[in-house]
Amino acid sequence: MTDEIRVRIAPSPSGNLHIGTARTALFNYLYAKKTGGKFILRIEDTDAERTKQEYIDNIFDSLKALGLNWDEGPDVGGNYGPYTQSERFDIYPKYAKMLLDNGYAYECWCTNEELEREKEEAVKNHKAYVYSRKCLNITPELREQYIKEGRKPSIRFKVDHRELTFNDMVKGELKFDTSLIGDFVIMKSNGTPTYNFAVVIDDMLMKISHIIRGEDHISNTPKQILIYEALGAKVPEFGHLGMILAPDRSKLSKRHGATAVSDFVKEGYLTDALINFVALLGWSPSDGHEIKTVDEIAQDFRINEISSSNSIFEYDKLNWMNGQYIKKMDIKKLTDMIIPFLSDYDLSELSREKLEKMVEITREPLTTLKEIKDDVPYFFGESVPLDEVKELLTTELSINVLNRFNELAQKWNFEDEEEIHNDLADLRTEFKEKFGYKPKETMWAIRAAVTGRTRGADMAGILVIIGKDKTLKRTNEALHIKAGV
RNA sequence: GCCCCCAUCGUCUAGAGGCCUAGGACAACACCCUUUCACGGUGUAGACAGCGAUUCGAAUUCGCUUGGGGGUACCA
């Protein structure tokens, strides 16, 4: 029972859920799924200044939208709560005192200025900065004096000098010389724990067995291991993932565009595609099939096979993948998701059935949902602007086609797409045989008249959605524009 | 400055000493399909950062160099 696998994601709510955090969450989730372990969500809101409730909500919503559901967390509870760090403030001093009493930590009365000076000295001598231990053996008299002055001590962890090694699940053996670390602060003088201390206490108490996180935490790891050991706790396994970089190889930040999962959703990306894409950053399927659900990925997942290098976030493949998901998605669901992107149009003009039809015939070229907006204006309104196709419509060919079309379409059944499809095919053949018009030339005339464009969705589908009256109205209007005007 | 991590096509990657004249996906380009755009199909081009060492043999092991990333806080 003590061997239960427990992993966690511990975002700090100082912003919306970052795509990088989402990837870390995914790998944790996959590991839990694969091993039958538990996936835990902990909110690290220690930094009251930057924490906002809307960010907490965003983190919850994004994780859920991505399908990364947690077994224990602030909202669902669990046996090792509370799962919100700000509710755990009374826990940390107890453990700090324990370390103090056992000689693993000591009070430090140094001021920022003193510390600053030590640091400058270190860079000047081309040495790593290590705290001087000035306060390690402070005399009781001096201590008294500091207290009288009103100074408040921080608590430092005493770092013994030795070589520390651990076996990283993704990077392999990692070595550190702890003499380069220096005695670090675990409790600030204001009584709150530092990050490195709080995580260890939380992870220990929550019985986290495997810590999978970004490689920006590698240098924190030896410090944390030291604390675990001093506390006599079992040291968890660690696995450090490479980071996601922007195309310019810098950290992915707001100036590169979308960074939060919710930003991507607003841009018209599907969460299924997003999570699939992000899984491929560092992981690759053994069967070569890259389009997979999270559960399918979990089956195939091996943490030691994750790439240990950084990867660059490029939109090309995401776009392709998003398009793949759009093409395969259930049409009703897709329509629901697309509606918010159609706010420019009066959707009451179309029945739900026709709206779905419209989505079905226009989804093919989409890469993001957002793009549909520019592809569908001709489905709405009575007339359509013809400026861009004026020349095309005033050719003899077009006039011929449109006249004949008007004549024939009177009798066509606009309710039946397949029939219309065949009628159009007949029309093409007729003009090809009689006048040698190319099939696409015939179609261009009709398309231009009805949609005001030379490209777009399948004509038969368009005609069915627009209906006979509006179609003929538009073709007549097209016949009345004059050449060169 | 100091410490740590990383290094295969433009990008994501396969590759765990001979199976590699280095495979796939996206992007690019060409052609085919076709009522347009697209989708789809078929092809083309494109990489082991450099140098040493180990070995009969290295993309795969080791060292150095270079390049990139991260950390260096009483932030998380």
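Letters A, B, ... are given to chains in the order of the sequence lines, protein chains preceding strands, and every chain is numbered from 1.
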Problem set entry | Gap between atoms NZ and P, on A:K127 and B:C2 respectively (whole Å) | 12 Å
Problem set entry | Gap in Å between the two C1' atoms, one belonging to B:U13 and one to B:C32, rounded | 29 Å
For this session: Would you classify A:A457 as touching base, sugar-phosphate or nothing, given that sugar-phosphate means primed atoms plus P, OP1 and OP2, and contacts are heavy atoms under 4.0 Å?
Result: base
Exercise. Which is true for A:D177 with a 4.0 Å heavy-atom rule: it touches a base, it touches only sugar-phosphate, or it touches nothing?
Worked result: nothing
Problem set entry | A:D202 and A:Y92 side chains, donor-acceptor separation under 3.5 Å | yes
For this session: Specify the separation, in whole Å, of atom CG of A:L280 and atom C1' of B:U13.
Result: 8 Å
Problem set entry | Euclidean distance, atom CG of residue A:L392 to atom C1' of B:U36 [Å, nearest integer] | 11 Å
Exercise. At under 4.0 Å between heavy atoms, what does A:Q324 touch on the DNA or RNA strands: base, sugar-phosphate, or nothing?
Worked result: sugar-phosphate
Exercise. Given B:U11, is OP1 or OP2 found less than 4.0 Å from the side-chain N or O atoms of A:R249?
Worked result: yes
Problem set entry | Sugar-phosphate only, base, or nothing, as touched by A:S12 at under 4.0 Å among non-hydrogen atoms | sugar-phosphate
Exercise. What nucleotide among B:G71, B:C75, B:C6 has an atom nearest to a side-chain atom of A:R50?
Worked result: B:C75
For this session: Give a yes/no on whether any side-chain N or O of A:K188 is located under 4.0 angstrom from OP1 or OP2 of B:A76.
Result: yes
Exercise. Are A:S132 and A:E118 close enough that a side-chain donor and a side-chain acceptor fall under 3.5 Å?
Worked result: yes
For this session: Please work out if A:H421 contacts a base, only the sugar-phosphate, or nothing of the nucleic acid, heavy-atom cut-off 4.0 Å.
Result: base
For this session: Quote, to the nearest angstrom, the C1' distance that separates B:G15 from B:C75.
Result: 41 Å
Exercise. Do A:S309 and A:S307 have a side chain donor and acceptor closer than 3.5 Å?
Worked result: yes
Exercise. Counting only side-chain N and O atoms of A:S284, is one of them less than 4.0 Å from OP1 or OP2 of B:A14?
Worked result: yes
Problem set entry | Integer angstrom distance from the P of B:U65 to that of B:C48 | 23 Å
Seminar exercise, completed: Comparing nearest nucleotides in RNA chain B, the 5'-proximal residue of the pair A:A10, A:D316 is A:D316
Exercise. So what does A:K438 touch, heavy atoms closer than 4.0 Å: a base, only the sugar-phosphate, or nothing?
Worked result: nothing
Exercise. Between B:U36 atom P and A:L424 atom CG, what is the distance in whole Å?
Worked result: 13 Å
For this session: Would you mind reading off the distance between A:K223 atom NZ and B:G70 atom P, rounded to a whole angstrom?
Result: 17 Å
Exercise. Does A:K119 have a side-chain nitrogen or oxygen under 4.0 Å from the phosphate oxygens OP1 or OP2 of B:A73?
Worked result: yes
Exercise. Is A:R447 touching bases, backbone alone, or none of the nucleic acid, heavy atoms closer than 4.0 Å?
Worked result: base
Exercise. Given B:C5, B:U35, B:G24, which nucleotide is nearest the side-chain atoms of A:L174?
Worked result: B:C5
Problem set entry | Nearest-neighbour nucleotide for the A:P365 side chain, B:C74, B:A38, B:G69 considered | B:A38
Problem set entry | Which nucleotide in B:A76, B:C6, B:A73 has an atom nearest any side-chain atom of A:Y129 | B:A73
Exercise. A:H217 NE2 to B:C75 C1': how many Å, rounded?
Worked result: 11 Å
Exercise. Has the side chain of A:S189 got a donor or acceptor that lies under 3.5 Å from a partner of the other kind on the base of B:C74?
Worked result: yes
Exercise. More than 12 non-hydrogen atoms from neighbouring residues, nucleotides or ligands closer than 6.0 Å to NZ on A:K127, yes or no?
Worked result: no
Seminar exercise, completed: Whole-Å distance, A:I9 CD1 to B:A76 C1', equals 13 Å
Problem set entry | Short side-chain N/O contact to B:G70 OP1/OP2 from A:K171, under 4.0 Å | no
For this session: Rounded to whole angstrom, note down the C1' distance from B:G10 over to B:G70.
Result: 24 Å
Exercise. If we take the P atom in both B:A14 and B:U60, what is their distance in whole Å?
Worked result: 16 Å
For this session: Determine: side-chain N/O of A:S311 to OP1/OP2 of B:U13, distance under 4.0 Å, yes or no.
Result: yes
Problem set entry | Residue A:V185, side-chain heavy atoms: nucleotide from B:A76, B:C74, B:G70 that is nearest | B:C74
Exercise. Among side-chain atoms of A:S250 and A:D248, is any donor-acceptor pair under 3.5 angstrom?
Worked result: yes
For this session: Check whether any side-chain heavy atom of A:H240 sits under 4.5 Å from a side-chain heavy atom of A:R213, and report yes or no.
Result: yes
For this session: Return the nearest nucleotide to the side chain of A:N196; candidates are B:A76, B:U35, B:U11.
Result: B:A76
Exercise. Which part of the nucleic acid, if any, lies within reach of A:E364 when heavy atoms closer than 4.0 Å are counted: base, sugar-phosphate only, or nothing?
Worked result: base
Problem set entry | First encountered from the 5' end of RNA chain B, between A:E314 and A:E290 | A:E314
Exercise. When all nucleic acid strands are considered with a 4.0 Å heavy-atom cut-off, which category describes A:G288: base, sugar-phosphate, or nothing?
Worked result: nothing
For this session: Quick one: label A:K124 by what it contacts on the DNA or RNA (base, sugar-phosphate, nothing), any heavy atom closer than 4.0 Å.
Result: nothing
Exercise. From the list B:G70, B:A76, B:C37, which nucleotide is the closest neighbour of the side chain of A:R455?
Worked result: B:C37
Problem set entry | Between A:D45 and A:Y55: side-chain donor-acceptor atoms closer than 3.5 Å | no
Exercise. What is the nucleic acid contact for A:G242, judged by heavy atoms within less than 4.0 Å: base, sugar-phosphate only, or nothing?
Worked result: nothing
Seminar exercise, completed: In whole angstroms, the gap separating C1' of B:A38 from NZ of A:K440 amounts to 14 Å
Problem set entry | Which nucleotide in B:A27, B:C74, B:C6 has an atom nearest any side-chain atom of A:W320 | B:A27
For this session: Name the pairing partner of B:A47, where a pair is Watson-Crick or G-U wobble with both distances under 3.5 Å, or state none.
Result: none
Exercise. Does A:D458 make a side-chain donor-acceptor contact with the base of B:U35, cut-off 3.5 Å?
Worked result: yes
Problem set entry | Inter-nucleotide P distance (B:A7, B:U61), Å rounded | 10 Å
Exercise. Would A:K223 count as a cation-pi partner of A:F184, with NZ or CZ less than 6.0 Å from the six-membered ring centre and within 45° of the ring normal?
Worked result: yes
For this session: Could you work out the separation of B:A47 and B:A28 based on their C1' atoms and round it to a whole Å?
Result: 16 Å
Problem set entry | Nearest-0.5 Å distance, CG of residue A:N406 to CZ of residue A:R404 | 11.5 Å
For this session: Can you figure out which of B:C75, B:C6, B:C12 approaches the side chain of A:D47 most closely?
Result: B:C75
Exercise. Expressed as a whole number of Å, how far does the C1' atom of B:A38 sit from that of B:A22?
Worked result: 34 Å
Exercise. Are the ring centres of A:W320 and A:Y315 closer than 6.0 Å?
Worked result: no
Exercise. Which nucleotide sits closest to the side chain of A:M443: B:U35, B:C6, B:G70?
Worked result: B:U35
